[in-house]
Amino acid sequence: MTSTFPDDFLWGVATAGHQGEGDNDRSDIWTLEHTTPSLFVEPSGPACRHYQRWEEDLDLVADLGLNAFRFSVEWARVEPERGVVDTAALDHYEQVVDGCLARGLAPVVTFNHFASPHWFAAGGSWLAADAPALFADQCDRVMARFGDRIASAVTLNEPNLEQVLQAGGKLPPIAEQIKKEMLAAAARDAGVERYFASNVIPADQQDAFQEAFTRAHRAAVAAIKARRADLPTGVSIAILDEVALPGGEERRDAKRAAVYDHWLTVARDDDFVGVQNYESAFHGPDGEVVPDGPRNGMGTLVEPASLARAVRYAHQVSGVPVMVTEHGMQTEDDTQRAAFVPQALEHLAAEIAAGTPVLGYCHWTLLDNFEWIFGYGPKLGLVEVDRTTFTRTPKPSASAYARAVAGYRPVVAG
């Protein structure tokens, strides 16, 4: 058959260590989950026990007929104390890489997916003068161990997330106050002046963190490329499909400039830009509106064309190929997800046919997991996880995704 996607297209799922592995107790996020007060509705605890059950989970991915697996190497496991490297943790992640390859899965590695070591957060986090060098050292030790076997490298996951949340009014005003109180309490508990995490940033620190993340990203790219110059490397950003209704063009453009364009400009120096899209935002002359139609669990319109339009904009500004590093739907109704994903892929195929270069698609996520401050309530997985036994049960959407991928992948004669 003739595929509407490139023959070497990466079809995968995306995961993150802290959200699925469990017991990441040397990290800043774990610290904040257990701080009083806390913005996190519940602690992550054992998560999905992916750290122990990774082979079973990779089998699930392979059984879906996919060829890629995105995961993060948890810095807090590799360097639980400053300057102390846990070689057993590196052994573990090397086994995951080799396990991917044994199953025909391209390893897509994220070097920082929000969580960082507690010592790093207590030492000034990304605002510290030595943060880029410390992160570059982490990237170097990971690359030295198994960088020769990975397919793509993502330096930072959604460094613009807080701008997205604030620009879209995703959190109630009280959340900002609780955030500040939580960070202040964590700082007191650690005996330091300030404490931050990558996805828990006060509004008045956004500009400083954008500059800091940019320095860290560039240092990471340099460290990765020093070990392997040919490895495709980029940054992944959160990006909504911003739609202008009549009279809403100025508001749409202002939001794009404030939330996405810095990182899309930074990405011009990279091999690709990661796009993480879950929804559309519709701008009228007086602000954002939600058109009539079916809603997802986030309360926004179910819009299958959202991903393709976000991908188009990301490429237009950055000028580099796009990797869809996350896309999915928060919903309790899996029939919604099962219908949504194939429709979104049809739109993405049309966008590729129109000339936008796309390297791959990683669905978020494999397992129903820990969704940060919202805990285990939101459901985005293709596979259900029993919170007591940790038994995995694929949902109908997993089969729907597998069928869609099978229809796009070229048939190999044999």
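In what follows, every heavy atom counts, from backbone to side chain, and hydrogens, waters and symmetry copies are set aside. These numbers come from a predicted model, not from an experiment.
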Peer 1: What pair of heavy atoms forms the shortest contact from Pro394 to Ala398, and how long is it?
Peer 2: CB-CB, 4.3 Å
Peer 1: Can you check whether Val109 reaches Phe111 side chain to side chain, under 4.5 Å on heavy atoms?
Peer 2: yes
Peer 1: Phe209 vs Phe196 aromatic rings, parallel, tilted or perpendicular, using cut-offs 30° and 60°?
Peer 2: perpendicular
Peer 1: Can Arg251 and Asp253 be counted as an ion pair, charged N to O under 4.0 angstrom?
Peer 2: no
Peer 1: Looking only at heavy atoms, which two atoms of Ala153 and Ile224 are closest? And how far apart?
Peer 2: CB-CD1, 4.1 Å
Peer 1: If you count the non-hydrogen atoms of other residues, nucleotides and ligands that lie under 6.0 Å from CD in Glu42, is the total more than 12?
Peer 2: yes
Peer 1: Does Glu288 come within less than 4.0 Å of Lys255, counting only side-chain N to carboxylate O?
Peer 2: yes
Peer 1: Could you tell me whether Lys395 and Asp368 make a salt bridge, using a distance below 4.0 angstrom between a side-chain N and a carboxylate O?
Peer 2: yes
Peer 1: Check His315 against Thr356 and note the closest heavy-atom contact, atom names and distance.
Peer 2: CB-CG2, 3.9 Å
Peer 1: Step through the shown structure and confirm whether more than 12 heavy atoms of other residues, nucleotides or ligands are within 6.0 Å of CD on Gln316.
Peer 2: yes
Peer 1: In Å, rounded to the nearest 0.5 Å, how long is the span from CG of Leu366 to CG of Leu380?
Peer 2: 12.5 Å
Peer 1: Between Ser236 and Asn157, do the side chains contain a donor N or O and an acceptor N or O under 3.5 Å apart?
Peer 2: no
Peer 1: Passes side-chain hydrogen bond (donor to acceptor under 3.5 Å, both in side chains), Glu33 versus Ser44? Steps please.
Peer 2: CA-CA 8 Å; Glu33 294 165 14; Ser44 54; 2.8 Å; yes
Peer 1: In a check of ring pair (Phe, Tyr, Trp, His ring centres under 6.0 Å) between Tyr401 and each of Tyr361, Tyr408, Phe340, which one passes?
Peer 2: Tyr361
Peer 1: Can you tell me how far the CG atom of Asn369 sits from the SG atom of Cys48, to the nearest 0.5 Å?
Peer 2: 5.0 Å
Peer 1: Which distance, rounded to the nearest 0.5 Å, do you find between the CD1 of Ile373 and the CD1 of Ile29?
Peer 2: 10.5 Å
Peer 1: Relative to Tyr195, does Arg188 satisfy both conditions: NZ or CZ under 6.0 angstrom from the six-membered ring centre, and within 45 degrees of the ring's axis?
Peer 2: no
Peer 1: Regarding Lys379 and Glu371, does a basic nitrogen lie under 4.0 Å from an acidic carboxylate oxygen?
Peer 2: no
Peer 1: Should Lys225 and Asp271 count as an ion pair when the cut-off is N to O under 4.0 Å?
Peer 2: yes
Peer 1: Assert yes or no for the condition that the ring centre distance of Tyr51 to His92 is strictly below 6.0 Å.
Peer 2: yes
Peer 1: Over 60° means perpendicular and under 30° means parallel, so classify the ring planes of Phe120 and Trp126, tilted if in between.
Peer 2: perpendicular
Peer 1: Look at Arg82 together with Asp130 and state whether they make a salt bridge at an N to O cut-off of under 4.0 Å.
Peer 2: yes
Peer 1: Taking side chain as C-beta onward, heavy atoms only, is Arg409 less than 4.5 Å from Asn67?
Peer 2: yes
Peer 1: If the threshold is 4.0 Å, N to carboxylate O, is there a salt bridge linking Glu351 and Arg312?
Peer 2: yes
Peer 1: Could you verify whether a donor N or O on one side chain and an acceptor N or O on the other, from Thr31 and His118, lie under 3.5 Å apart?
Peer 2: yes
Peer 1: Find out whether Arg26 and Trp119 are in side-chain contact, i.e. whether some heavy atom of one side chain is under 4.5 Å from a heavy atom of the other.
Peer 2: no
Peer 1: Can you check whether Leu105 reaches Val61 side chain to side chain, under 4.5 Å on heavy atoms?
Peer 2: yes
Peer 1: Enter the distance from Leu127:CG to Ile201:CD1 here, rounded to the nearest 0.5 Å.
Peer 2: 8.0 Å
Peer 1: Check this for me: does any side-chain nitrogen of one of Arg53 and Glu56 sit under 4.0 Å from a carboxylate oxygen of the other?
Peer 2: yes
Peer 1: Could you go through the side-chain hydrogen bond (donor to acceptor under 3.5 Å, both in side chains) check for Arg70 and Thr110 one step at a time?
Peer 2: CA-CA 7 Å; Arg70 180 186 173 212; Thr110 307; 2.9 Å; yes
Peer 1: Could you tell me whether the side chains of Trp364 and Gln276 share a donor-acceptor contact shorter than 3.5 Å?
Peer 2: no
Peer 1: Do the side chain of Thr331 and the main chain of Asp334 share a donor and acceptor less than 3.5 angstrom apart?
Peer 2: no
Peer 1: In Å and rounded to the nearest 0.5 Å, what is the CD to CZ distance from Gln336 to Arg295?
Peer 2: 11.5 Å
Peer 1: Go through the steps for Asp57 and Arg392 under the test salt bridge (charged side-chain N to carboxylate O under 4.0 Å, His left out), then give the verdict.
Peer 2: CA-CA 9 Å; Asp57 292 339; Arg392 277 82 161 127; 2.8 Å; yes
Peer 1: Side chains of Trp372 and Val200, heavy atoms from C-beta outward: is any pair under 4.5 Å?
Peer 2: no
Peer 1: Using every non-hydrogen atom in the two residues, find where Leu240 and Tyr260 come nearest and quote the distance to one decimal.
Peer 2: N-OH, 3.1 Å
Peer 1: Just by distance, with hydrogens left out, do His262 and Asn160 show a side-chain donor and acceptor under 3.5 Å apart?
Peer 2: no
Peer 1: Minimum heavy-atom separation for Gln330 to Pro378, with atom names?
Peer 2: CD-CB, 3.7 Å
Peer 1: Taking all non-hydrogen atoms of both residues into account, name the closest pair between Pro202 and Glu176 and its distance.
Peer 2: CA-OE2, 3.4 Å
Peer 1: Looking at Tyr376, does the NZ or CZ of Arg387 lie under 6.0 angstrom from its six-membered ring centre and within 45 degrees of the ring axis?
Peer 2: yes
Peer 1: Could you tell me if Ser280 and Glu303 have a donor-acceptor pair between their side chains, going purely by distance under 3.5 Å?
Peer 2: no
Peer 1: If we count only N and O atoms by modelled type, under 3.5 Å, do the side chains of Ser72 and Glu74 hold a donor and an acceptor together?
Peer 2: yes
Peer 1: Going by atom types only, do Glu326 and Tyr278 share a side-chain donor-acceptor pair under 3.5 Å?
Peer 2: yes
Peer 1: For Trp11 together with Phe9, are the ring centres under 6.0 Å from each other?
Peer 2: yes
Peer 1: Check this for me: Asp204, atom CG, are more than 12 non-hydrogen atoms of other residues, nucleotides or ligands nearer than 6.0 Å?
Peer 2: yes
Peer 1: Kindly determine whether Glu21 and Arg49 satisfy salt bridge (charged side-chain N to carboxylate O under 4.0 Å, His left out), including the steps that lead there.
Peer 2: CA-CA 5 Å; Glu21 289 177 348; Arg49 296 204 187 281; over 6 Å; no
Peer 1: Is any NZ, NE, NH1 or NH2 atom of the basic residue among Asp140 and Arg227 found under 4.0 Å from an Asp or Glu carboxylate oxygen of the other?
Peer 2: yes
Peer 1: Would you say the side-chain atoms of Thr393 and Glu384 include a donor-acceptor pair closer than 3.5 Å?
Peer 2: no
Peer 1: Classify the side-chain pair Gln206/Gln210 by whether it contains a donor and acceptor separated by less than 3.5 Å.
Peer 2: no
Peer 1: Can you find a pair of side-chain heavy atoms, one from Val78 and one from Val73, that are under 4.5 Å apart?
Peer 2: yes
Peer 1: If I take atom OG1 from residue Thr155 and atom CZ from residue Arg218, how far apart are they, to the nearest 0.5 angstrom?
Peer 2: 11.0 Å
Peer 1: Answer yes if the side chains of Asp261 and Thr265 hold a donor-acceptor pair under 3.5 Å, and no otherwise.
Peer 2: no
